[in-house]
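First comes the structure, then the notes that go with it.
Sequential numbering from 1 along the given sequence is applied to the chain's residues.
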Amino acid sequence: MGEFLADHTTLQLGGPADQFLTHTDPTTWPDLARAAQGDDKTSFVLGGGSNTLAADTGFPGTVIRMATRGITARPLGRDHVEVVARAGETLGSLVALTVAEGLSGIEYLGGIPGTVGAAPVHNTGAYGQQISDTLTGITAHDWQLGHTVELHPADCCFGYRSSIFKSRPGRWTILTVTLRLTRSRLAAPVTYGHLASALDVPLGSRPPLADAASGVIADREARGLTLPVGGPEARQAGSAFLNPPVTDDQAAAVRGAGGPIHTDMHGVVRASSGWLLTQCGYQPGIRLADGVFCSSHRVLTVTVREGAASRDVARVLHTMTSCVHKDFGVQLHTEIVRLGV
């Protein structure tokens, strides 16, 4: 029997993979890729498993766990530094290192679970920053061409929590990510009112870099936006849904009902998925199915406990999506990646 995916996902759900490969040494990637390509079945690349729902029955193919670590930096003149991180490095460790080195550009991404390789896939972002803001290049294996390629930001079709890697899953596996960061004692300007309040600074100000980074993590922890290391809500996958785009009529209806509407960094008008779910009757801490609950902090995070199964979580997500569509005509899309479910 193969390696159980429950041992490699934060939901701790999922049966065995037919073949499970762990990639730790960058020099061995060509051999590993050939081994995976030699399997006639589908391949799936797994990072930290913090947003993956794997099937109870397992995965009938090859799973590659990306576990390469390492961060290097080189100066680009007086004001900038090029930072290259391997895909298996955690995003949190990358943020911590760059802040410690006095480099601004990703300081508001602290506390977000996941790996560096997953960040461009989802165009990970928070508090007005997203990984694509500073990304200058990606080294990736192109499974269609059968060799490693260099991709530029223009190749990646970045959008709100989206990219070409997300819209064309399985085509590329990210191996390294290159960022261009700025030497600064100060953080990027605070553009979110909530963050300004949390840091107790005026909107538009630039707090000290280290203070801003630590304040972001404290705020995320207080709002249940970090992955707990233990306790009854440790088994989760973060936010289950993206904030959905809405039409002008839908936006007006949400505003009329007292709900929040915002325009994202790409100019798309969006509603709050958490607010929409609350209007459907979902509340923090409620039981959704056997062993499946809303987080005690927010309805947007689904947690699991003893007795839960992947199929239960999948049904819950479908029911939540259907409720919002029925009541508001708005289509929710999950942030959770489904593997065989």
Check: Just how far is it from atom OG1 of T124 to atom CD of Q129, taken to the nearest 0.5 Å?
Finding: 12.0 Å
Notebook entry, point to check: Do R338 and T52 have side-chain heavy atoms sitting under 4.5 Å apart?
Noted result: no
Notebook entry, point to check: With no hydrogens and no angle check, is any side-chain donor or acceptor of R86 less than 3.5 Å from a backbone partner on T24?
Noted result: no
Margin query: Please find the pair of heavy atoms, one from N243 and one from S273, that lie closest to each other, and give the distance.
Written below: OD1-N, 3.0 Å
Check: How long is the span from the CD atom in Q37 to the CG atom in L32, to the nearest 0.5 Å?
Finding: 10.5 Å
Next item on the list: Could you tell me which residues satisfy side-chain contact (heavy atoms from CB on, under 4.5 Å) with R287, sequence neighbours excluded, listed by chain and number?
Entry: D290, F293
Notebook entry, point to check: Going from CG on L11 to CZ on R235, what distance comes out if it is rounded to the nearest 0.5 angstrom?
Noted result: 7.5 Å
Next item on the list: Would you check if there is a donor-acceptor pair between the side chains of E107 and S104 at a distance under 3.5 Å?
Entry: yes
Note to self: So, using side chain to side chain donor-acceptor pair (under 3.5 Å) as the criterion, who are the partners of H80 when residues are at least two apart?
What the structure shows: R180
Item checked: Full working for side chain to side chain contact (heavy atoms under 4.5 Å, CB included) between I106 and T98 -> CA-CA 8 Å; I106 57 173; T98 57; 3.7 Å; yes
Margin query: Show every salt bridge (charged side-chain N to carboxylate O under 4.0 Å, His left out) that has at least one partner inside residues 132-155, sequence neighbours left out.
Written below: D142-R171
Next item on the list: For E221 and T226, test the side chains for any donor-to-acceptor distance below 3.5 angstrom and give the result as yes or no.
Entry: no
Note to self: Can a donor-acceptor pair be found, under 3.5 Å and without considering hydrogens, that links the side chain of N123 to the backbone of F158?
What the structure shows: no
Item checked: Test salt bridge (Lys or Arg N to Asp or Glu O under 4.0 Å) applied to D327 - qualifying residues, sequence neighbours left out -> none
Check: Does a side chain donor of either W143 or T173 reach within less than 3.5 Å of an acceptor in the other side chain?
Finding: yes
Item checked: side-chain contact (heavy atoms from CB on, under 4.5 Å) partners for A251, two or more places apart -> V246, R255, I261, V269
Notebook entry, point to check: With sequence neighbours excluded, what pairs up with S167 under the side chain to side chain donor-acceptor pair (under 3.5 Å) test?
Noted result: none
Item checked: Test side-chain contact (heavy atoms from CB on, under 4.5 Å) applied to N51 - qualifying residues, sequence neighbours left out -> H122, V337
Note to self: Looking at F241, is its backbone amide N or carbonyl O close enough to the side chain of S239 to form a donor-acceptor pair, meaning the two atoms are under 3.5 Å apart?
What the structure shows: no
Check: Checking S272 side chain against W275 main chain: does a donor-acceptor pair fall under 3.5 Å?
Finding: yes
Margin query: Any side-chain to backbone donor/acceptor pair from R74 onto E82? Under 3.5 Å, distance only.
Written below: no
Item checked: E89: partners by side chain to side chain donor-acceptor pair (under 3.5 Å), with sequence neighbours left out -> R69, S93
Notebook entry, point to check: Going from NZ on K166 to SG on C157, what distance comes out if it is rounded to the nearest 0.5 angstrom?
Noted result: 14.0 Å
Notebook entry, point to check: Which heavy atom in A234 sits nearest to a heavy atom in L227, and how many Å separate them?
Noted result: O-CD1, 3.9 Å
Note to self: With side chain to side chain contact (heavy atoms under 4.5 Å, CB included) as the test, pick out the partner of V304 among L13, T10, L53, D312.
What the structure shows: L13
Notebook entry, point to check: Which heavy atom in T68 sits nearest to a heavy atom in A87, and how many Å separate them?
Noted result: OG1-N, 3.7 Å
Check: Yes or no on side chain to side chain contact (heavy atoms under 4.5 Å, CB included) for F59 and D18, after CA distance, side-chain angles and deciding distance?
Finding: CA-CA 6 Å; F59 182 67; D18 280 3; over 6 Å; no
Notebook entry, point to check: Checking side chain to side chain contact (heavy atoms under 4.5 Å, CB included) for the pair I174/V121: CA distance, chi angles, key distance, verdict?
Noted result: CA-CA 9 Å; I174 295 174; V121 176; 4.0 Å; yes
Note to self: F165: which residues meet the ring pair (Phe, Tyr, Trp, His ring centres under 6.0 Å) condition with it, sequence neighbours left out?
What the structure shows: W172
Next item on the list: Tell me, yes or no, whether the heavy-atom count around H194 atom NE2, taken from other residues, nucleotides or ligands under 6.0 Å, exceeds 12.
Entry: yes
Notebook entry, point to check: Does L225 offer a backbone N or O that forms a donor-acceptor pair with the side chain of R220 under 3.5 Å?
Noted result: yes
Next item on the list: Please name all residues satisfying ring pair (Phe, Tyr, Trp, His ring centres under 6.0 Å) with F20, sequence neighbours left out, ordered by chain then number.
Entry: H8
Checklist line | Approximate separation, where rounding is to 0.5 Å, of M66 CE and I64 CD1 | finding: 6.5 Å
Next item on the list: Could you tell me whether a side-chain N or O of S163 sits under 3.5 Å from a main-chain N or O of P120, the two making a donor and an acceptor?
Entry: yes
Next item on the list: Find out whether D211 and L199 are in side-chain contact, i.e. whether some heavy atom of one side chain is under 4.5 Å from a heavy atom of the other.
Entry: no
Check: CG of D31: more than 12 outside heavy atoms within 6.0 angstrom?
Finding: yes
Notebook entry, point to check: So do the side chains of P16 and E3 get within less than 4.5 Å of each other, counting heavy atoms only?
Noted result: no
Next item on the list: Sequence neighbours left out, what passes side chain to side chain donor-acceptor pair (under 3.5 Å) with T301? Give chain and number order.
Entry: R298
Notebook entry, point to check: Who are the side-chain contact (heavy atoms from CB on, under 4.5 Å) partners of A240, not counting sequence neighbours?
Noted result: V302, L317, I336
Next item on the list: Please tell me if the side chains of L179 and T136 come closer than 4.5 Å, counting only heavy atoms from C-beta onward.
Entry: no
Margin query: If you compare all heavy atoms of G128 against all heavy atoms of T191, which two are closest, and at what distance to 0.1 Å?
Written below: CA-OG1, 4.1 Å
Notebook entry, point to check: For H318, does the NE2 atom have more than 12 heavy-atom neighbours from other residues, nucleotides or ligands under 6.0 Å away?
Noted result: no
Margin query: Is the shortest side-chain heavy-atom distance between V324 and L277 below 4.5 Å?
Written below: yes
Next item on the list: Report the C-alpha separation of W29 and H141 in whole Å, then their side-chain angles, then the decisive distance to 0.1 Å, and conclude whether the side-chain hydrogen bond (donor to acceptor under 3.5 Å, both in side chains) test is met.
Entry: CA-CA 9 Å; W29 174 258; H141 183 81; 3.2 Å; yes
Check: For V341 and A54, which heavy atoms make the closest approach, and how far apart are they?
Finding: CG2-C, 3.6 Å
Check: Can any side-chain N or O of R305 pair as donor or acceptor with the backbone N or O of G291 at less than 3.5 Å?
Finding: no
Check: Do the non-hydrogen side-chain atoms of L91 and T115 ever get within less than 4.5 Å of each other?
Finding: no
Check: Ignoring hydrogens and geometry, is there a side-chain-to-backbone donor-acceptor pair from Y160 to P245 under 3.5 Å?
Finding: no
Check: With distance as the sole criterion, is a donor-acceptor pair present between the side chains of T62 and Q19 under 3.5 Å?
Finding: yes
Margin query: Looking at every heavy atom in both V201 and P207, which two are closest together, and how far apart are they?
Written below: CG1-CB, 4.3 Å
Next item on the list: May I ask you to decide whether D79 forms a salt bridge with R183, counting only side-chain N to carboxylate O separations under 4.0 Å?
Entry: no
Margin query: Before you tell me yes or no, could you show the steps for L5 and L339 under side chain to side chain contact (heavy atoms under 4.5 Å, CB included), namely the whole-Å CA-CA distance, both residues' side-chain angles and the distance that decides it to 0.1 Å?
Written below: CA-CA 10 Å; L5 297 171; L339 179 55; 3.8 Å; yes
Notebook entry, point to check: Are side-chain N/O atoms of D249 and T247 paired as donor and acceptor at under 3.5 Å?
Noted result: no
Notebook entry, point to check: Taking atom CD1 of I138 and atom SG of C156, what is their separation to the nearest 0.5 Å?
Noted result: 4.0 Å
